[in-house]
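In what follows, every chain begins at residue 1, and chains take the letters A, B, ... in the order their sequences are listed. All figures in this text were calculated on a predicted structure; none of them were measured in a lab. FYI, side chains are in, hydrogens and waters are out, and symmetry mates aren't considered; it's all heavy atoms of this structure.
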Amino acid sequence: SAVISQKPSRDICQRGTSLTIQCQVDSQVTMMFWYRQQPGQSLTLIATANQGSEATYESGFVIDKFPISRPNLTFSTLTVSNMSPEDSSIYLCSVVVDSGANVLTFGAGSRLTVL
Amino acid sequence: QKEVEQDPGPLSVPEGAIVSLNCTYSNSAFQYFMWYRQYSRKGPELLMYTYSSGNKEDGRFTAQVDKSSKYISLFIRDSQPSDSATYLCAMRLTGGGNKLTFGTGTQLKVEL
């Protein structure tokens, strides 16, 4: 199965700043997914990142707040813009490893704390 | 009402116990059902998945789906301290793209 590396693993950020999270996969994948895991909440899909096209955002998430890049088939970035304490969360990158059931594998996550 | 409901726990059991973890859901169109395990400061890792109704067994783990009741379960036999983690259920529609709908997770602690 794919191995996913995320950077940074954790960070403490100031209100109003932006932070970019990187996701590197050890094999080429068509789609990459960005999830958010807030304390006490379920994992929520932010967007799907496709190589060569605009990311597809889920309801409640917008490109201005969470711009995504997908320059090639092994790499993606998610930026959390103009952060507020409500953005404190774990952000996870994932890819499909079983195309039949669309089973996902996840990176270890990036834990952001916004002060 | 959330689409997927899962008791957050924490659930504490002695080593060797049989553990039952459960989720209920409201969307009868869900067809793929998955269980992920998440250790502290790690990403979720897939334990098992099933399609439609029925049981599936893998070692000490058994996944069960009852679509008539919209209820899924994960049983862990002979639980070990290494099973201490948060268990997330997830489900997907057939033809629903790649979007998974997750429960909030149940925190399990297996004590010596």
Side-chain donor-acceptor pairs of residues 44-57 of chain A under 3.5 Å, sequence neighbours excluded:
from	atom 1	to	atom 2	distance (Å)
Thr44(A)	OG1	Ser42(A)	O	3.1
Tyr57(A)	OH	Phe66(A)	O	2.6
Tyr57(A)	OH	Ile68(A)	N	3.3

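Sorted by first and then second residue, the ring-ring contact (aromatic ring centres under 6.0 Å, His included) pairs involving residues 54-95 of chain B (not counting sequence neighbours) form an empty list.
Neither the backbone nor the side chain of Gln6(A) comes within less than 4.5 Å of any heavy atom in chain B.
When hydrophobic clusters are built by joining Ile, Leu, Val, Met, Phe, Trp and Tyr residues whose side-chain heavy atoms come closer than 4.5 Å, directly or via intermediates, Tyr49(B) is grouped together with Leu88(B). Cluster annotation: Leu73(A) and Leu78(A) are assigned to distinct hydrophobic clusters (Ile/Leu/Val/Met/Phe/Trp/Tyr, side-chain heavy-atom contacts under 4.5 Å, transitive). Both Val4(B) and Leu93(B) belong to a common hydrophobic cluster when Ile, Leu, Val, Met, Phe, Trp and Tyr are linked at side-chain heavy-atom distances under 4.5 angstrom.
The contact list for residues 103-112 of chain B toward chain A, using heavy atoms and a distance under 4.5 Å, reads Gly103(B), Thr104(B) by residue number. By a heavy-atom distance cut of under 4.5 Å, Ala108(A), Arg111(A) are the residues of residues 108-115 of chain A near chain B, going up by number.
In this structure, OH in Tyr35(A) is found 4.0 Å from CG in Leu100(B), a value given to the nearest 0.5 Å. Atom CD1 of residue Ile90(A) and atom CD of residue Gln38(B) lie 6.5 Å apart, to the nearest 0.5 angstrom.
For the pair Leu104(A) and Tyr36(B), the minimum side-chain heavy-atom distance is below 4.5 Å. Pro44(B) places a side-chain heavy atom less than 4.5 Å from the side chain of Leu92(A).
With chain A as partner, the option from Pro8(B), Gly43(B), Ala90(B) having the largest number of non-hydrogen pairs under 4.5 angstrom is Gly43(B).
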